[in-house]
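Note sheet for the following structure.
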Protein chains: 2
Amino acid sequence: MTRWANAVPDRAEQQELKRKAIIREAARIFSRRGCHGATLDDVADRLGVSKAALYRYVRNKNDLLFACHEEAMEIADRTLTEGERSGRTGLEKIRIGMSAYLAEMIGELGVPVLILEENALQGEEAERIYALRDAYERRLRALVEQGIADGSILPMNPKLAVFMLLGAIHWVTKWYNPDGAWRAGEVAEALMELVTRALAAQPPAALGSAIHRGAAPAGTEP
Amino acid sequence: MTRWANAVPDRAEQQELKRKAIIREAARIFSRRGCHGATLDDVADRLGVSKAALYRYVRNKNDLLFACHEEAMEIADRTLTEGERSGRTGLEKIRIGMSAYLAEMIGELGVPVLILEENALQGEEAERIYALRDAYERRLRALVEQGIADGSILPMNPKLAVFMLLGAIHWVTKWYNPDGAWRAGEVAEALMELVTRALAAQPPAALGSAIHRGAAPAGTEP
DNA sequence: AATTTTGGTTACTGGTCGGTCACTTTTGCG
DNA sequence: CGCAAAAGTGACCGACCAGTAACCAAAATT
């Protein structure tokens, strides 16, 4: 064993880092061009390597697509747990959790990562992602029910409410421009503040986010 | 010229009918499998003809995709005009117009038709669809501003509001199951009632749609 | 009945893309 | 240095798919 063990990025660590970079870039391209429309050559070119090099980090295209979805779901789960911890009412938990999810997806990951088009996944990988997604939706529905019980959310159909929330969130990948004037965190906060108003039993009299108060509408056309 | 001219479907009319059928089926398949993932053989098989036969009604795949989007935008424009006529406030116009759009898309067209993945379109056709879509979004934004002016909508960023509305609407194609218990019109009404609550200056104390009042949650998983 | 027009079929082609293979280059290490 | 393992390359293969061509059948027209 050498001295400075783990002081400098170690072999397996670098490997994992490169794998992450591939996944991130792939997600970006899958998102823009569609899962089938994007080619592995595109991904490789973007990273400045040859397509064959990708196969040292990923078994095949389906596996890569799976990894993209898996990372997205990991973020979704983690942020929702944060929301459940820090929110007081069911509504707050949803707003905080989903806002953090959205901010991380379009912010730190640099770009809208793709969640649409799950149907492009095949085989066992598809089943695993479906299971994760269903579990996430169940958690959200439970929070809606909790919110109805604690009086923060108006009585409504939880399934429909969750579908509406997810639609508003996922659609962001279609119009958000990371080079525009809106920062990711602002967009996430403003959008969730707005959309949770649809659920709120007593909606606030006004919207507080900077974007709603009249920030310049940036060039955000897709 | 024969008697009964136009009494029986005439040649050009039948041609147009078949073209519509192709477009509808294509939209269905594009929607499910993604624009690039769907093949023209799929569409042809579904219609019980050979792929080559399609080319008598459609110039190429891009043209077919264009036709799908064009029809969707035609419906969007028409229904929004209806909404503008029959609604009193800005908010009502949005709710009525978009509800009719949604109902027609997932109801009469039988199936979620695809609006996502515009980026799959290429060439001049893409520009034309972008123009239609932008015009539609501008109309919606104008209605939001009108609603803010007439007091039906809370002051907010119109761009963000429209993006949220569109997200909630378009996402329906991901989860709505035409064979489920929810009728298309009910879903459209309930969803728009819910989502417009996010904009409303004075939201109603309760939601009136059947689905919100506790209809059985159908098997609507994608 | 003869003929043109229309709607359709089967078979094929050319290009694209996922995936592999044989080979070279780089890198960590004793 | 010497060398083995890891990382990466370019060429290639096979499958798939949009689009075409040659050909056939059934109408409509005359």
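Proteins come first, then strands; the chains are lettered A, B, ... in the order of their sequence lines, and each starts at number 1. Reckoned from all heavy atoms, side chains included, excluding hydrogens, waters and symmetry mates. Keep in mind that this is a model prediction, so the values were computed, not measured.
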Residue closer to the 5' end of DNA chain C, Ala52(A) versus Gly37(A) (nearest nucleotide):
Gly37(A)

Assign the ring pair Trp175(B) / Trp182(B) to parallel, tilted or perpendicular, where the plane angle (0 to 90°) is split at 30° and 60°.
perpendicular

Separation of dG18(C) C1' from Ile29(A) CD1 (nearest whole Å):
15 Å

Options dA18(D), dG7(C), dG19(C), nucleotide nearest the side-chain atoms of Tyr55(B)
dA18(D)

Spacing of Leu47(A) atom CG relative to dT9(D) atom C1', expressed in whole Å:
16 Å

Can you see whether Glu189(B) engages Ser99(B) through a side-chain donor-acceptor pair at a distance of less than 3.5 angstrom?
no

How long is the line joining CD of Gln14(B) and P of dT6(C), in whole Å?
14 Å

Interatomic distance, Gln122(A) CD vs dG18(C) C1' [rounded to whole Å]
12 Å

Quick one: Leu40(A) CG to dG18(C) P, roughly how many Å, whole number?
4 Å

For the side chain of Lys18(B) and the base of dG7(C), is some donor closer than 3.5 Å to an acceptor across the two?
no

Do any side-chain nitrogens or oxygens of Tyr57(B) fall under 4.0 Å of OP1 or OP2 in dG8(C)?
yes

NA contact type, Thr39(A), heavy-atom cut-off 4.0 Å: base, sugar-phosphate, or nothing?
sugar-phosphate

Given side chains that start at C-beta, do those of Arg197(A) and Leu199(B) come closer than 4.5 Å, heavy atoms only?
no

Can you check whether Gln15(B) has a side-chain N or O nearer than 4.0 Å to OP1 or OP2 of dG7(C)?
yes

Tell me what Ala38(A) touches on the nucleic acid: a base, only sugar-phosphate, or nothing, going by heavy atoms under 4.0 Å.
sugar-phosphate

Rounding to an integer number of Å, can you tell me how far Arg59(B) CZ sits from dA18(D) C1'?
15 Å

Are a donor atom and an acceptor atom from the side chains of Thr81(A) and Arg139(A) found within less than 3.5 Å of each other?
yes

Could you give the CD-to-C1' distance, from Glu13(A) to dG28(C), as a whole number of Å?
16 Å

In whole Å, I'd like the distance from the CG atom of Asp41(B) to the P atom of dA15(D).
17 Å

Using a distance-only criterion (donor-acceptor N/O pair, under 3.5 Å, no hydrogens), is the base of dG19(D) paired with the side chain of Lys61(B)?
no

Mind checking whether Trp171(A) and His170(B) have parallel, tilted or perpendicular rings, split at 30° and 60°?
tilted

Compare the minimum distances between each of dT9(C), dT6(C), dT9(D) and the side chain of Val49(B), then state the nucleotide with the smallest one.
dT9(C)

